[in-house]
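See below for the structure under consideration.
Chain letters run A, B, ... following the sequence lines, proteins first, then strands; residues in each count from 1.
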Amino acid sequence: MAERSFAKEVEKLRLGAGEEFSGEGILAITKALLQCGVGYVGGYQGAPISHLMDVLADAQDILGELGVHFEASASEATATAMLAASVHYPIRGAATFKSTVGTNVASDALANLASGGVTGGALIIVGEDYGEGSSIMQERSHAFAMKSQVWLLDPRPNLPSIVKSVEDGFELSEASNTPVMLQVRIRCCHVHGQFTAKDNQRPRMTVANALDAPRRDTKRIVLPPASFLHEKEKVEKRWPAAVEFIRSRKINEVFGPDIARVGIVLQGGMYNGVVRALQRLGLADLYGETRVPLYVLNAVYPLVEDEFLNFCDGKDAVLVIEEGQPNYIEQAFASMLHKACHTTRVIGKEVMPMAGEYTGQVMLDGIGAFLRERASQLLPAHIRAPNTTDISQDMSDLAAIVPGRPPGFCTGCPERPIFAATKLIEQELGPHHIASDIGCHLFSIMPPFELGATTMGYGLGPASASAFNSPDARRRSISFVGDGGFWHNGLTSSIGNAVFNRNDGVIVIVDNYYSAATGGQDILSSRASNRSKSTKHPIAEAVKGMGVKWVRHIENTYDVNGMRNTLREALSTPDTGPKVIIASSECMLNRQRREKPLIDTAIKAGQTVVKPKFGIDEDICTGDHACMRLSGCPSLSVKTLDDPLRDDPVAHIDQSCVGCGNCGEVADAAVLCPSFYRADVVHNPGPWRQFADRLRRKMIRALQNRREKRRLEFLDA
Amino acid sequence: MIGSSLAGTLAEDTGAIIKLAILAVGGQGGGVLADWITAVAEHNGYRAQSTSVAGVAQRTGATIYYVEMCRDTGRMPVFALAPAQGDVDILIAAELMEAGRAVMRGFVTPNRTTLIASSHRIAAVSEKIEPGDGRAPSDQVMATMKNAARHLVCLDLEKVALEAGSMISASLFGALAASGALPFDRESYASILSGSGRGAAASLRAFAAAYDQTSKAGQAEPAAASEARPTGKQAKGPARLLAQWQQLNVRIAAYPMPVQDMALRGLRKVTDYQDLAYGAEYLDRLDMAVKADLAAETCALSIAAAKHLANAMCYDDMIRVADLKTRSKRDGRVRAEVGINDAAVLQLTEYFHPRAEEFCGTLPLSLGRYIEKRPKLFAWVDRRINRGRHIRTDSMSGFAMLWCVGGLRRWRRSLLRHHVEMDHLQRWYKLALDRAGDDYALGVEIIHCRRLIKGYSDTHVRGQSKFDRVLSSLDDLRGRADAADWIRRLREAALKDEKGTALDGALKTIASFSRR
């Protein structure tokens, strides 16, 4: 069950021709797939297209009605390999994942798919995770398109353009027998907008039809001599076909005046940012009417040479807006102009930054600099010679004050106690080499835990510790991998590898019942029943099946003592081979979402329900914050007491506490302080319980009175 | 080619686009707020576009939502997908430091931006983990905000939301409506909330409260933190004790005016901790500082002594913890905090982890010393004592146990821990008073070093060690005019991190110049 439910929104997928669709970018993409008669869809979750997978999962009824097969693929490689169904059969298929991490994983399948080519349209929708808010290394998908010779679409970031791009993508793929990548950037995926819907199409051929009438063609299989022919076919047939399609169908767009001394060439995804900069420079209006000609590349690979040269005709210079590096597009255009002996200058990374996101300010500065230099007569006077007041001086002081706020573990996260235990074991046994992995558990590298030295890829945590295996060492390495990474790749690349190479390290598998960082999607070991997927496959069985002899399963990660003892045992046991600890507790975000409505209903129905919450006795807390150095929970914070005798703020637990128990366990395991208490509120207690409680409280009150009437009580303390 | 001819003038200037950014901490409901704003714009005949960055950034990190809107003319405008520096009309910050971040990033401009900020703080992890007070100072952010924005709305919208039983998104929506920054009337905002399903009633309450407070306050600043504090002379109890209490109060009345408040607070604390005799003991000690001050014609030493003597005399032992946890006042406070009435059933679990050290500290002096001097016996005791104990204070047995431990108060003066603490106190206090004779400021700083000692078990040991390390520099500092300043710096360094890395660095500096 995913973090966000699209159950209501997916009804929009049923809209018919002429009706207005209003909603988020990813939902529009799904609708476009159905309008194109897609036969099967697969993918792997990850921002920014996690929601696309969630939408598809929630839309299974609609997909089923249309005869569309949907898979939540095991990895991006699986999703891309699935597109093999379009190799021999005229079935349209789509795969989706996060790029470039997913594209990296998928590239083996992508290269094979691209080599043999496709018959049915094959569309790979990649969610570009680049710039602010990105959680991965900064690279470009463009390189993958170039090296495998698949076409890359980068539509303008509005719903009608994205929808059209999906339609174009399938047709382009079929016209050129080549898979097509469609890239959508983070904000584009979540942009809210409108487009006019068309009717959904049933696939012309379903996967069932294909299974009943199998086909094969040796020439499409990647093995010599066919593979040599594929390479030739790519440049002699498929490339020209793609260029012709892009040119004749006017996939790229030109805006603005026909005659001008300068122009701007841009990736489709940059369009809104470029227009905004022009608006601010007084050169474009609200609706994008511009005085500077724009050549918008909705297809960024391959480039259409004559289209570009035509655009350059009569212009002194064109500015290329190409985000990220290397600047492949700029280089290609420079080469085209050079070979055509064209006099137009290509300006690009001289005025735009080589690296980093093209934000509003970057666009304004870069385009402004280009125009001031090359076409200052276009600019209004107040832009050419602005009267600016500098307000930056007292802002800069703030940089020293405003604290950074990187993402971290959620309130009540079950992974927090795992790292608290790891920190405690390091206090006891000294620092260890710790290899981290991708997932929420990577937040361990940040304060307050500051654990983990590297992260090498999804499911590769233990693999990245594999060199640290030496009989001469007195310490073992510790590596982490999440349940998501474990099933994605870790079982073979990390666990199997460690068994085979007799690695002596400690491997902690962080099992929170979901692929949690990507939004709580189900995976093989999820504990929930899923109506269309097979779940409840224990990780422990898989690990043992791989040949691991030393396996410990902790079913409650909040048991910090237990966790620490198990770590100690794993680090000190004379047993050889990998020591695998599976630490399981449900992702608190998902658990709350699942349990909260049930509890509320139960309370309303008059059932007895016990709800926990933690608290702190502020007069017992001394304000050292040792508890926070082992927690970092958002609900555990500091509070100033209205007491001049106390210098330091004390710990405080706010209303958002979910009563996970970590605070108490940590205070116990680390022998911190007795100021924590757990308060369990018993809703709808039965009559016996109420009676017993009244009796107990009466006796307690008597004891309290006995002592309090003999001492001074200060009234306003 | 799709070329479009250019008219002489551009159709409309971009000022027609209203640009609104929301800076929030993940989990605050910024996405919900962005959706409401989009809805209210569309409801009023505007075209609107909202974007966000979902994913990892939502996990408690700083995150931005962005909305652009303009009057619907039938044509599709080109909206940007992210806020740009100097190009934001309305900035909503769901936390004070996020408002600071918005200003820092250039999203707030004096000639243009309406800044709607909640004045409450959510401490970042880096602020919470310092052993001292690591929180970023709010006043400078407030001051900069005022200069940076064209119009500022700043009040505690978290409190408004909590009081209405809702989320901050609803109160921010109310403040936005009341700010008049968007050309929409109150009813149209409210109608969006009415249709928001579950929690709509609470959202509307928070919306209305925020609307009213924002309109009432206008540009008002957040209310001043505190009014005059109560003097706290009132006490109640047996007449005999009250009479003695009055006598002690008379002694305080003889102190110089500036010392009286702190002395009274200290007296209350130690009396509450032990008894009135202990209070008299406290005043005896304080008298020494007051006497020293008479000569110096200032009160800094007495005020510092009034504060830290009280803290030192009220050391944290098992008896105090048990006493505090078994009071009726505490019961009431927990119930209020959990939010239940007197009739509901509440189960309370306390977390204790006593070790042999704490156990011996609670034994009579000679017996405690006897065990401590015998490592084998001590280890044997530790094996029996040292484990986590979860005590249910709502149960009779659990409560009675703590109540009995709290009752040991009567014998506290004869217990080992008391002797250890009082020895330490005497040495520290004497050192401070002695030094104050030659270097008054240094004496005051030594008094303040008592702040370093706090916590239980390992934390307490670490505090002691930092205290000792800071004072160990006194020899190196002997005769230096800036000795007091160095002690202050060392103390501040010691409060920076757990291990005392910053302190070690500062100590090395001192060692380096003392060698010269």
Side-chain angles (χ1 to χ4, degrees), chain A residues 47 133 135 186-187 190-192 254 257-258 272 275-276 279 285-288 360-361 394 398 401-403 405-408 447-448 615 622 624 626 628-629 632 634 637-638 645 647-649 664 667-668 671 673-674 676-682 685 693 696 700 703-704 712-716, chain B residues 1 3 6 10-12 14 50-53 55-57 59-62 75 77-78 80-81 84-85 97 100-101 104 123-129 131 133 136 144 230 232 234-237 241 265 268 307 321 328 338 340 345 347 349-353 388 399 403 451 454-457 459:
Chain A
S135 57
I186 305 178
R187 291 186 188 84
H190 301 297
V191 74
H192 164 99
V254 174
D258 296 331
N272 291 34
V275 168
R276 172 53 47 85
Q279 287 172 342
D285 74 2
L286 201 54
Y287 308 102
Q361 190 65 37
D394 53 49
L398 284 185
I401 297 174
V402 175
R405 209 187 293 273
T622 62
D624 173 73
M628 288 175 231
R629 291 192 286 275
S637 192
V638 286
L645 292 174
D647 289 308
D648 295 317
D668 177 355
V671 200
C673 86
F676 284 96
Y677 62 81
R678 193 179 80 210
D680 295 307
V681 180
V682 184
D693 185 62
R696 272 197 300 263
I700 286 173
L703 283 179
Q704 283 168 337
L712 282 180
E713 194 190 340
F714 298 104
L715 295 180
D716 48 37
Chain B
M1 282 201 174
L6 184 82
L10 296 163
E12 234 177 290
T14 57
S50 66
T51 57
S52 65
V53 181
V56 195
R59 309 273 189 256
T60 75
R75 284 177 78 189
V78 180
L81 286 91
Q85 283 147 270
M97 285 299 151
R101 198 183 314 283
M104 208 169 82
V125 172
S126 59
E127 298 177 88
K128 299 197 277 196
I129 59 177
D133 189 354
T144 317
Q234 303 96 318
K236 98 178 172 196
L241 296 182
R265 288 172 190 279
R268 282 170 53 143
K307 174 175 175 175
V321 172
S328 55
V338 177
I340 57 164
V345 173
Q347 299 171 354
T349 310
E350 318 286 348
Y351 291 80
F352 288 98
H353 192 135
F399 183 88
W403 190 81
R451 178 180 175 188
K454 54 184 174 179
Y456 304 78
S457 60
T459 313

Toward chain B, the part of P406(A) with a non-hydrogen atom under 4.5 Å: backbone
Test item: S637(A) and E127(B) side chains (from C-beta on) under 4.5 Å apart, heavy atoms: no
Side-chain donor or acceptor of H353(B) paired with backbone N/O of D668(A) under 3.5 Å: yes
Under 4.5 Å from a heavy atom of chain A, the part of L241(B) involved: both
Under 4.5 Å from a heavy atom of chain B, the part of V681(A) involved: both
Under 4.5 Å from any heavy atom of chain B - which part of A679(A): both
Part of S126(B) within contact of chain A (heavy atom distance under 4.5 Å): side chain
Top of V78(B), T51(B), V338(B) for chain A proximity - count of heavy-atom pairs under 4.5 angstrom: V78(B)
Any donor-acceptor N/O pair, R678(A) side chain to Q347(B) backbone, under 3.5 Å: no
Toward chain B, the part of D693(A) with a non-hydrogen atom under 4.5 Å: side chain
Nearest atoms (heavy-atom pairs only) where R265(B) meets L645(A): O-CD1, 3.7 Å
Non-neighbouring partners of P674(A) that pass side-chain contact (heavy atoms from CB on, under 4.5 Å), sequence neighbours left out: I620(A), V321(B), F352(B), Y456(B)
